[in-house]
Amino acid sequence: MMTFMEEQKPTFSPVTRALANVFSYVLHPLFIPLLVTFLSVTALPEFFTSFRSNSFRWDYDVLFIRVAVASVLFPMLVVSLSKALGFVGSITMKDQKDRIIPYVASIIFYFWAFYTFKREGAAPAFYNAFWLGVFIAVVISFVANSFVKISMHTVGWGGVVGYLACLMAGMGMNVAVPLAIAVVLAGVAGTARLVLDAHTPAEVWTGFFVGLVAQVGAYLILG
């Protein structure tokens, strides 16, 4: 009789794995700051009037460009260069050692985004808290990377859930529907990583709670 530890992992059809791969890319954590920014300026435009007035061609274009550069372009360039130079084995960063350089780079980029928004004084406190929460979550993940490979997908979506929960509990905003959708998407992202055998359930849940707690802590500091 096989013991619990010897039980075979569940197998999934090629179609299921292909869908999981699609969801892994669509729900990638690199896109989350852009998503949160879009949701924030769409639902709460009165808090972002200065960014709207500083736009070039369309509303908030400069803000979106800043967020995209800090959270998507620069991290992708670091990963691509690291792969080209042989510092990481794969752009999917399956091994913990492959994540060291991207983690360090992300810490720098996210802190830069938080610092510049905070120093300018144009962004609302809850938006600054979001960036501080992202920074804290990546720092925690970087430290934990020496011991466990936390799922960055669920760190990101746990952060979205934490951000929306803080808006609801701390500011009385009615974000029940976006919050429910975020919880569902967090589950989809976590399930996709499990289907692809990229993480264990413990790593998925740990990532979710790291993102959630980081956002709550940041809101308590700045919100």
Side-chain angles (χ1 to χ4, degrees), residues 20-41 51 54-120 122-123 127-146 148-160 163 185 189 192-193 196 198-199 203 207 210-211 214-215 218:
N21 206 34
V22 169
F23 281 120
S24 288
Y25 281 107
V26 172
L27 302 177
H28 199 282
L30 286 181
F31 305 129
I32 286 178
L34 270 176
L35 172 64
V36 168
T37 301
F38 174 78
L39 291 175
S40 298
V41 301
F51 293 104
N54 290 332
S55 303
F56 284 141
R57 296 181 62 86
W58 65 87
D59 290 347
Y60 311 110
D61 54 359
V62 175
L63 175 60
F64 286 125
I65 291 171
R66 286 178 59 179
V67 173
V69 168
S71 63
V72 180
L73 179 60
F74 283 173
M76 288 182 66
L77 284 176
V78 169
V79 173
S80 299
L81 287 173
S82 298
K83 178 64 172 66
L85 295 173
F87 294 140
V88 300
S90 170
I91 59 173
T92 59
M93 298 178 287
K94 293 182 178 180
D95 296 329
Q96 287 167 254
K97 63 180 179 64
D98 288 342
R99 299 182 169 211
I100 296 175
I101 294 177
Y103 267 137
V104 173
S106 296
I107 288 171
I108 295 171
F109 299 145
Y110 290 138
F111 180 78
W112 171 73
F114 161 68
Y115 178 78
T116 53
F117 280 124
K118 182 73 168 60
R119 184 178 178 84
E120 288 172 0
Y127 187 69
N128 292 332
F130 165 74
W131 283 103
L132 178 60
V134 173
F135 168 73
I136 293 172
V138 176
V139 170
I140 294 174
S141 300
F142 172 66
V143 174
N145 188 62
S146 300
V148 63
K149 190 178 70 171
I150 293 178
S151 171
M152 288 307 297
H153 281 73
T154 52
V155 169
W157 284 100
V160 176
Y163 174 71
L185 292 179
R193 304 309 287 164
L196 295 173
H199 293 284
E203 292 167 352
V210 166
Q215 284 296 324

Side-chain heavy-atom pair S71, Y110 within 4.5 angstrom cut-off:
yes
Ring pair (Phe, Tyr, Trp, His ring centres under 6.0 Å) involving H153 - partner list, sequence neighbours excluded:
H28
Applying ring pair (Phe, Tyr, Trp, His ring centres under 6.0 Å), name anything that partners Y60, two or more places apart in sequence or on another chain.
none
Taken to the nearest 0.5 Å, the spacing of T37 OG1 from I32 CD1 works out to 11.5 Å
Heavy atoms only: give me the nearest E203-A198 pair and the separation to one decimal.
OE1-O, 4.3 Å
With a 4.5 Å cut-off on side-chain heavy atoms, are V62 and F51 touching?
no
What pairs with R57 under side-chain hydrogen bond (donor to acceptor under 3.5 Å, both in side chains), at least two apart in sequence or on another chain?
none
Only distances under 3.5 Å count here; give the side-chain donor-acceptor pairs of residues 131-143 to other protein atoms, sequence neighbours excluded, each with its distance to 0.1 Å.
unit_1 : atom_1 : unit_2 : atom_2 : d
W131   : NE1    : Y127   : OH     : 3.3
S141   : OG     : A137   : O      : 2.8

Looking at every non-hydrogen atom in both residues, tell me the closest pair between A144 and I150 and how far apart they are.
CB-CD1, 3.5 Å
Check whether any side-chain heavy atom of M76 lies under 4.5 Å from a side-chain heavy atom of L30, and answer yes or no.
yes
Considering non-hydrogen atoms only, spot the tightest contact between A70 and F109 and give its length.
O-CB, 3.4 Å
Side chain proximity check, F130 to S40, heavy atoms < 4.5 angstrom:
no
For L73, side chain to side chain contact (heavy atoms under 4.5 Å, CB included) partners two or more places apart:
V69, L77
For residues V41 and F64, determine if any side-chain heavy atom of one lies less than 4.5 Å from a side-chain heavy atom of the other.
yes
Identify the heavy atoms of N128 and F114 that sit nearest to each other, and give their distance.
O-CD1, 3.4 Å
About how many Å separate CD1 of I108 and CH2 of W112, when rounded to the nearest 0.5 Å?
12.5 Å
Do T116 and R66 make a side-chain contact, defined as non-hydrogen atoms from C-beta onward lying under 4.5 Å apart?
yes
Drop me the distance from M152's CE to H199's NE2, to the nearest 0.5 angstrom.
9.0 Å
side-chain hydrogen bond (donor to acceptor under 3.5 Å, both in side chains) with D59: which residues, sequence neighbours excluded?
R52
Could you measure the distance from the OG1 atom of T154 to the CG atom of L185? Nearest 0.5 Å is fine.
13.5 Å
Nearest 0.5 angstrom please: E120 CD to Y115 OH, how far?
11.0 Å
